[in-house]
Structures are given as C-alpha cells and as structure tokens.
Protein chains: 2
Amino acid sequence: MDKRSHMIAGATRAFEAQGFRGIGVDAVLAPSGASTRTLYKHFGSRDGLVLAVLEQRHQDFMARLNDEGADPVGKLFDALEQWLAEHGARGCMLLRARSEYAGANEAIVTLVRRQKEEFEHEIGQRVAAALGHPDPALARQVWLLFEGATAAASVSDLSIISAARQAAKVLVEAARTRTP
Amino acid sequence: MDKRSHMIAGATRAFEAQGFRGIGVDAVLAPSGASTRTLYKHFGSRDGLVLAVLEQRHQDFMARLNDEGADPVGKLFDALEQWLAEHGARGCMLLRARSEYAGANEAIVTLVRRQKEEFEHEIGQRVAAALGHPDPALARQVWLLFEGATAAASVSDLSIISAARQAAKVLVEAARTRTP
DNA sequence: TGCCATGTAAAACGATCACTTTACATTCGC
DNA sequence: GCGAATGTAAAGTGATCGTTTTACATGGCA
C-alpha cells in the first residue's frame, strides 16, 4: 500500500475515535507515521485529507454491500452489523463530518449529501429486487431504519441491528401483501 | 429570563449551526452578549456550558411530547416535524455532542446515553398505550425510525418525517394483528 | 449611604492550532 | 553514478484556543 493510502487509513482511525474538529494534524498523522510535509504535498490541506477520508470510507462501505442473492434487503443489515463489529459503533462517519463542518466547509456537506443519495439509490434497487417492482416509498423507510440503526448503535448495543432488520422485514412483507 | 438561561440559549444556537468543537468561546458567547468572565463564573469551563446546553435541550424536547391523546406514537413524529421546522434539521444535537466528545469528555458521553434511555422509555410508554400492552421490541423499532428520521432529515427534506410516521404506523398495525 | 453581587470590557497567559520552511536521507529509473 | 522524486525530522510562522486577571459599571438590599 502506498503512503497516501496509509495516511487515509490512519486518519480514518483517528477521526473515528476523536472526531474531526477536536484533533490536531499531529494526532491525525500519528497512526500512519507521516510527516506534516507529506500531508500538504498529498492533500493540500487538512480539509483535503478529510475529503479523501470520506470518499474512501464511502467506497469501502459500498463495496461491502456487493454480495447479492436471496433477501437483498436483509443483507443490508447483515453488512451493517459486521461493519459495526469491526469498526465500532460511533455513528455514521459521513454524517458526523457533515454536522461538524456545516457552516465551515461546504464541499464536505455537498459530498456527504451526494453519498447518501447514492446509498439510498442502492437500497432502492434492493427493495425493487425483493418486491419484483420498484417502491421508492418503501426504500425510504428501509433507509430510515438503516440510518436509525447506525445512530442508535452508538448509545445502545449491536442487537439493535437485528431489531432494524426485523422491522424492515415487516415493512417489506406489508408492501408485498398490499400490491401482490 | 436570567443571564444563565440567555447564555445557554445563545450557545445552543451557536453549537447547532457550527458544531461543538469547531467554534471558539467568543463565538459561543456572542449570541447572548455575555463576557468570558461570566461564562466561567456560571459554568466553570467551556465543557460545563456544553453539559448545561445538552441538559436544557433534552428537557425542551421532552416537554414537547407532553400532549397525550389519540395516536400517541404518531404524535411523536408530529412533534419531531415541528421541532425540525423550527430548529433546522442538522441531526440530533445530543448524538452530535456524543460523537464530538467521545474520547475527550466522558461526562458528556454518559449524559447522552442516559438521555437516550429516557427517551426510549418514553416511546415504550406510548407504544404500550397504542397497543394496550407493553411491547419493548416494537418500541425499539419505533425508536429506530425516530433516530433515522432525525439523521436522514439533515441530508434529505422534511417529508422524510412522514415516511417515518407511516412506517411506524405499519409496524404498530402489524404488532396489533399479531397479538390481538 | 455603603456594600456585595452581578455584569461588561479588555488585556494577558501559555498552549495548541494549521501550515511553511529548511535540512537531510532514501530510493529508483536512466 | 546521478538527478528527480519521495520521504522524515524539526524548527518556526502567526493565529487562535481556553482560561485568568485587572479594572470598572450597575443594581438591589442592609
């Protein structure tokens, strides 16, 4: 892995544990052992590194969702459960960045909005696969459960993910019987 | 209103717009016009003010939920919709504080966890009222929808709250037919 | 009247911030 | 073997951070 990727991975860990604004560049670079000079060569600024971290984080998570098969909606929550078990449950890093940089860095706010639209679209495809036809309203509801589970897990325990998966199942089943 | 309440109200607005860590004490005190000396007389430290803001915010929101009546679960989302229309949708301030101060101020993390437990308990009472008997699993699911709606509204529009209310209705109805 | 509580204004504290610069080591294609 | 690229180490930039301090104004209560 090249230096740039190392820096992104290390910075991701630092931001995840301590937030984005409440940490200095030295602490951000410590996990990767990079110097501040290398930071500004590669990313131009601290905020440039933040943007790179968010891009990578979104790609990494979306890549986890790739295994299609039976119960595509339920697999969403399987992936979330595994992800949170690995990374720890501290709330969605993208939304955390959005709220910390609101009013300070519009590029970050815009990026996160676009990423969430992309994610909601992915859920829409899975809902359509489960139902046999698209159902944007149901997709939104499943998305709500997903974001709720991610947020709630930071103040609860991981069993909350199963509650979300079960709720999604009930909603999908209700939609199926409504339009059979 | 006394000075202390003014400072809390002003600081709440500042934190809401710009986050907790990415803002200096001068900007926090600007809305109330208080001096830094008064800040440290009343709250001891910047973090002390943050704690007071979070306590007040939780009490204010819980007070909004007090009107009981028909459809106690649906009224949760009515209150949320009204709240977000007034305050703007930037994610739950309590969870935002939790994630920004994780690893830096344990008192804040502990406070938010307790507040969320209290809120989940309130939902449990409403679910019991709607169903005629307690259903902790359903209460958890409604809570998920609530937190999901709060989070999602920051990157979507307020119509997402209606989607959450509708999903909660479906879940309650499913629970009702399951155990009639 | 006199006094204490409560407030603002403003300067100063050392620490830390994001960022730049200088100096030097290493690797690699040519 | 040599120059260019890429890296670390470390000092220094001015700005801003949270906090303390000094000085002074105001008000209600004894």
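Because the structure is predicted, anything quoted here is derived from the model rather than measured. Side chains included, hydrogens not; waters and symmetry mates left out as well; all remaining heavy atoms used.
In terms of phosphate contacts, His42(A) brings no side-chain nitrogen or oxygen within less than 4.0 Å of OP1 or OP2 of dT6(D). At dT8(D), one or more side-chain N or O atoms of Thr38(A) fall inside 4.0 Å of OP1 or OP2 (strictly under the cut-off). Contact annotation: Arg37(A) side-chain N/O to dT8(D) OP1/OP2 distance is not under 4.0 Å.
Side-chain polar atoms of Ser162(B) and Arg165(B) form a donor-acceptor pair below 3.5 angstrom. One side chain, Gln56(B) or Asp60(B), offers a donor N or O that lies under 3.5 Å from an acceptor on the other. No hydrogens or angles considered: a donor-acceptor pair under 3.5 Å links the side chains of Arg140(A) and Ser159(B).
Across residues 19-32 of chain B, not one residue has a non-hydrogen atom less than 4.0 Å from an atom of DNA chain C.
Residue contacts for Thr36(B): at a heavy-atom cut-off of 4.0 Å it reaches a base atom on one of the strands shown.
Arg4(B) has its CZ atom 13 Å from the P atom of dT6(C), to the nearest Å. Put simply, NZ on Lys3(B) is 13 Å from C1' on dT26(D), counting in whole angstrom units. Atom CG of Asp47(A) is separated from atom C1' of dC17(C) by 13 Å (rounded to the nearest Å). Counting to the nearest Å, the C1' atom of dT6(D) and the CG atom of Leu39(A) are 15 Å from each other. Atom pair Tyr40(A):OH and dT22(C):C1' shows a separation of 17 Å (rounding to whole Å applied). Rounded to whole angstrom, the span from the NZ atom of Lys41(A) across to the P atom of dT26(C) amounts to 19 Å. Rounded to an integer number of Å, the gap from CE of Met7(A) to C1' of dT8(D) is 12 Å. Atoms CG (Asp2(B)) and P (dA5(C)) sit 18 Å apart, rounded to a whole Å.
With hydrogens and angles disregarded, no donor-acceptor distance shorter than 3.5 Å links the side chain of Lys169(A) to the backbone of Gly74(A). For the pair His58(A) (side chain) and Leu54(A) (backbone), a donor-acceptor distance under 3.5 Å is absent.
For the salt bridge (Lys or Arg N to Asp or Glu O under 4.0 Å) test with Glu16(A), the passing option among Arg90(A), Arg57(A), Arg96(A) is Arg57(A); the others fail.
Using a 30° and 60° split on the angle between ring planes, Phe61(A) and Phe119(A) fall in the perpendicular class, above 60°.
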